[in-house]
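Encoded as structure tokens, the structure appears first; notes follow it.
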Amino acid sequence: MKLVVVSAGLSVPSSTRLLADRLAAAVGRAPAGAGVEIEIVELRDLAVEIAHNFTNGFPGRKLAAALEAVTEADGVIAVTPVFTASYSGLFKSFFDVLDKEALVGKPVLIAATGGTARHSLVLEHALRPMFAYLRAVVVPTGVYAASEDWGAEGLEDRVERAAGELAALMSGLAAVKPRKPDADLPVVPFAEQLARLAAS
């Protein structure tokens, strides 16, 4: 199984990357996660290529490799810092340039970091809806870490619970491959459909 961890932290060291690393390690410790192969995608290093992709429509070499890694993964951990009560622009931009079918049926663990616990609902009002729109299978437990959570009781329990859920989904769900539309399906014009309805 292959797990790809997408971290949108900007600083070095980064609490976002620290949370991403803890979640990935916990997936590897989970009974269902034995032997998982982990790859880290650090968005800070791809910022320029992501911007160029928006303007010219083509991913650079490093960005293309990162997009391919996420597409081929059996599961994804997505971690963002909170900026202005939502995910960071860099985080959203990466998923904007990802193929819209790449996450269909794929287990995703969402996580975020912030300076205060007041932003913890970012998981439910921003991240979960975005990944639901991308038709990912979002694990029930999201993990938010405020500054005061590091070293405090509770964070490690949430990390272990969320990682266990992701590992179980990864081992139990085969990622659904996007179904290509059938070119032979007949297209009936709307006016003709209305005429048929009126006649019946």
Side-chain angles (χ1 to χ4, degrees), residues 1-9 15-33 36-43 66-83 85-114 117 119-146 149 154-179:
M1 287 190 305
K2 182 177 178 185
L3 171 65
V4 172
V5 182
V6 178
S7 172
S15 61
T16 301
R17 175 62 189 270
L18 178 60
L19 180 58
D21 289 343
R22 285 196 183 183
L23 287 164
V27 170
R29 286 193 302 270
V36 69
E37 175 192 336
I38 299 168
E39 180 176 344
I40 306 289
V41 173
E42 193 71 72
L43 297 186
L67 295 172
E68 183 180 356
V70 170
T71 302
E72 309 264 323
D74 297 301
V76 174
I77 295 174
V79 192
T80 180
V82 176
F83 292 152
S86 190
Y87 37 65
S88 73
L90 179 60
F91 181 84
K92 177 65 164 61
S93 295
F94 176 77
F95 289 100
D96 283 342
V97 299
L98 183 68
D99 184 275
K100 62 184 169 97
E101 304 289 331
L103 295 178
V104 174
K106 189 166 298 187
V108 174
L109 191 167
I110 54 173
T113 57
H119 293 304
S120 62
L121 283 176
V122 70
L123 296 172
E124 305 305 325
H125 76 72
L127 273 79
R128 196 174 297 276
M130 182 183 88
F131 286 105
Y133 174 80
L134 294 170
R135 295 179 286 158
V137 178
V138 184
V139 302
T141 302
V143 180
Y144 179 82
D149 288 328
L155 178 60
E156 282 308 312
D157 291 341
R158 293 194 308 273
V159 165
E160 295 294 332
R161 184 170 66 244
E165 291 169 357
L166 178 63
L169 282 170
M170 286 173 64
S171 63
L173 281 180
V176 176
K177 301 297 179 199
R179 187 178 68 82

Contact summary for V41 and A66, nearest pair of heavy atoms: CG1-CB, 3.7 Å
Residue among V70, D74, T71, V108 satisfying side chain to side chain contact (heavy atoms under 4.5 Å, CB included) with V4: V70
From Y133 atom OH to K100 atom NZ, the distance as rounded to the nearest 0.5 Å: 8.0 Å
Donor-acceptor contact present, side-chain E165 to main-chain T141, <3.5 Å: yes
L67 side, atom CG; D99 side, atom CG - distance, nearest 0.5 Å: 9.0 Å
Those residues that, when tested against F91, pass ring pair (Phe, Tyr, Trp, His ring centres under 6.0 Å) (two or more places apart): F95
Partner set under side-chain contact (heavy atoms from CB on, under 4.5 Å) for A111, not counting sequence neighbours: L19, L23, V79, L109, V143
Set of side-chain contact (heavy atoms from CB on, under 4.5 Å) partners for A25, sequence neighbours left out: R29
Residue pairs fulfilling salt bridge (Lys or Arg N to Asp or Glu O under 4.0 Å) with at least one residue in residues 121-137, sequence neighbours excluded: E101-R135, E124-R128
E72/K2 ion pair, N-O < 4.0 Å: no
Shortest non-hydrogen separation from A132 to V138 and the atoms involved: N-CG2, 4.4 Å
Nearest heavy atoms of L3 and A24, plus distance in Å: CD2-CA, 4.3 Å
side-chain contact (heavy atoms from CB on, under 4.5 Å) involving F83 - partner list, sequence neighbours excluded: L10, P81, S88
Under the side chain to side chain donor-acceptor pair (under 3.5 Å) test, residues paired with S93 that sit two or more places apart: none
Among V6, I38, L166, V139, the one residue meeting side chain to side chain contact (heavy atoms under 4.5 Å, CB included) with I77: L166
Pairing residues for E156 by the salt bridge (Lys or Arg N to Asp or Glu O under 4.0 Å) criterion, not counting sequence neighbours: R22
Spacing of T113 atom OG1 and L18 atom CG [to the nearest 0.5 Å]: 9.5 Å
Residues in side-chain contact (heavy atoms from CB on, under 4.5 Å) contact with A112, at least two apart in sequence or another chain: T80, V82, V122, L123, Y144
Residues forming a salt bridge (Lys or Arg N to Asp or Glu O under 4.0 Å) with R17, sequence neighbours excluded: D21, E42
Residues which pass side chain to side chain donor-acceptor pair (under 3.5 Å) with D149, listed by chain and number, not counting sequence neighbours: none
Shortest non-hydrogen contact from A126 toward S86: CB-OG, 3.7 Å
Non-neighbouring partners of K92 that pass salt bridge (Lys or Arg N to Asp or Glu O under 4.0 Å), sequence neighbours left out: D96
